[in-house]
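Accompanying notes for the structure given below.
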Protein chains: 2
Amino acid sequence: MAASVVLNAARTSSRIAPETRARILAAAARLRYRPNAAARALADRRMNTLGVAAVVDSGELNLYFLGLFNGILAAAARHGQNTTVFTLFDWEQDAARLPGLCDGRIDGLILIGPVLSREAIRALPDHTPFAALHPNIPIPGSINLESDEETGAYEMVRELIARGHRRILHISGQRGLLGAERRIRGYKRALAAAHIPFDASLLMNAGFSMDEGRRAMSKWLERSIGQPLPHAIFCVNDGCAIGCLEALAEVGLKVPEDVSLAGFDDTLAARTTVPQLTTVRQPLHAMGSRAVETLLARIRHHHGHAAPEIQETIVFPTEIVWRDSVGTPTAAPKMVPAS
Amino acid sequence: MAASVVLNAARTSSRIAPETRARILAAAARLRYRPNAAARALADRRMNTLGVAAVVDSGELNLYFLGLFNGILAAAARHGQNTTVFTLFDWEQDAARLPGLCDGRIDGLILIGPVLSREAIRALPDHTPFAALHPNIPIPGSINLESDEETGAYEMVRELIARGHRRILHISGQRGLLGAERRIRGYKRALAAAHIPFDASLLMNAGFSMDEGRRAMSKWLERSIGQPLPHAIFCVNDGCAIGCLEALAEVGLKVPEDVSLAGFDDTLAARTTVPQLTTVRQPLHAMGSRAVETLLARIRHHHGHAAPEIQETIVFPTEIVWRDSVGTPTAAPKMVPAS
DNA sequence: CTGAAAGCGCTTACAG
DNA sequence: CTGAAAGCGCTTACAG
């Protein structure tokens, strides 16, 4: 007992005599004593470990994940918490595995971009606090963190228009996904505000990946041979924009000389393209850190500490980052070449 | 006891009567029983968790880490293992923290690119098995996984020469780091094999990051104004190559028209540049998976199972991936423009 | 100031 | 086939 108190600098009532303390410390050093985390967790009902659950699409975690994860790790390290990663293949199919993860090995769980049905949400265990980053539906009882994607999209398109771009192609994410729909709404609102009629042929459904961006762009180009290029292309995220860039390069079209291009997220990739990508920045690092901080507040609450005042939903502002992929439109837009 | 046996399908001698078994299962379902991982770990002396320790340079995990980590996660998932990430700031300074991580919360530890002194290696605890990916010094007693970087560099430079490039600038990593030195050796060997004298002005010391690549390239360009460009530039890794690409773009030089460019690693970034990067592929995903498999074999061994035949050092072959950043050299190389 | 005691939730011999 | 018992390594009242 005395050893436990001394070695943990515990806040129990017990005082240990200096001499005893010294003896304990000496013995610990001599024996190279290391506390056992599992035993401590069992006695404490606390693992000091946070879980992170994310879907690996096409077998790989992506840069969006990496941005959030870096923020999560930084905050976790500040608070002496470990982070364990659970990978899922598919939200719908793996939602059933979530309760099994909350078995005492983690104190709280961060869900990255969860797409859960209302039933799946109802089945979530209530003894473990959750935080959801970009949930497709806000999860009741969980902390929900999102960014103001609609405003981000709105402002990006408004600014493109302000720079003279009028025909703006939007390559969107899967219809029905909240993030995709919000960007579409922002896009449409900005067009309407500038009295530019919405043109359905300038909205391509694609997805959040490079592959989907490439395919969607190629398809659009193929079906538009001989017609004028848009002035600018606004993509649902950076990955999609990079796929787009590839498809344009394949038929010899240059960004931003022939057409301007914008992405969304400001992941690492936006700075590694040539030209660098103009994009709507989501503060991924800050969002990841904040998820950890708020989750830890909840965990302390669960452990009987003072009840923290926690918003259920935290919205982060977005911001436009201007780089070289957006230029000024040429007077006479180039025609789409045959490929 | 019966509950434990039934719920775990345990391999104990005990047989449980079907009726008892049914009663237990029913009760477990009714009570929504979830085993407690900490208690199980304490009794089993096994956490079913692997640790991953990596340095975050400039606050961010990079794509090299992401490549390995994806492989680690995939293999860990296959074996029902969790993965917890420990971030370090600096190997030298944080080596002392390593023993503290081996306190029963993990069964084995994977070190990503460790740069450890012989003393730090000696201080590593011996009750926890290790695997080291790209260790700067092979760690005795640990599984060491590396790729054949020297051959990769040699073949890349040999092939560049075969395509007509003779003046080849090498932007290297920090001198003294094994990975950097091996690439330099490969570079020099390939020059020697083609009877091209080594030119010290064509070797720039930089580092493994985009920033360092950009700075080194800019510096080289500045000091070479009015002189001929190299035919090709071979960078220590993809990140460095991308920095290079930026520095070239800044002064209006185009890849591959004005100069060819090659990287190393084949991270995600190599496919997201325009033009896409020719690079030496290290099988990062496979290396991460293999680290997990061999580490698990060791852990089973530690737990008294059959001794596995494990090589101390596993070397993965590299492979050149041809993309668009390498072209054929022009007859008259461009001169370095004033910036 | 100190230490004997109970308990965290599980597992695995072992004796009936 | 079944269940009482000891033990994993820690923490925290609690009684001296």
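Chain naming here is simple, since letters A, B, ... match the order of the sequence lines and numbering starts at 1 in each.
For the pair B/N36 CG and C/dG7 P, the interatomic distance rounds to 17 Å; values are reported in whole Å. In this structure, the CZ atom of B/R34 is 21 Å from the P atom of C/dC8, given to the nearest Å. The interatomic distance linking A/M47 (CE) with D/dG9 (P) rounds to 16 Å, in whole Å. Across the protein-nucleic acid pair, A/L42 atom CG and C/dC8 atom P stand 9 Å apart, rounded to whole Å. One interatomic measurement links the two molecules: CZ of A/R46 to P of C/dG7, which rounds to 24 Å at whole-angstrom precision.
Taking the charged nitrogens against the carboxylate oxygens, B/R34 and A/D103 have no contact shorter than 4.0 Å, which rules out a salt bridge. A salt bridge does not link B/E92 to B/R97: none of the charged side-chain nitrogens sits closer than 4.0 Å to a carboxylate oxygen. Salt-bridge check for A/E146 with A/R290: failed, with every basic side-chain N at 4.0 Å or more from each acidic carboxylate O.
Out of D/dC10, C/dC8, D/dC8, the shortest distance to the side chain of B/R45 is found at D/dC8. Between D/dC10, C/dT12, D/dC8, one nucleotide has an atom nearer to the side chain of B/D44 than all others, and that is C/dT12. Candidate nucleotides C/dC10, D/dT11, C/dT12 were compared by shortest atom distance to the side chain of A/A43, and D/dT11 ranks first.
Where A/P35 and B/R23 each meet DNA chain D at their nearest nucleotide, the meeting point lying more 5' is that of B/R23.
In this structure, D/dC14 forms a base pair with C/dG3, meeting either the Watson-Crick or the G-U wobble geometry with both donor-acceptor distances under 3.5 Å.
The nearest pair of heavy atoms linking B/S289 to B/G71 is OG-O, 2.8 Å.
Phosphate proximity of D/dT11 to A/R40: present, with a side-chain N or O under 4.0 Å from OP1 or OP2.
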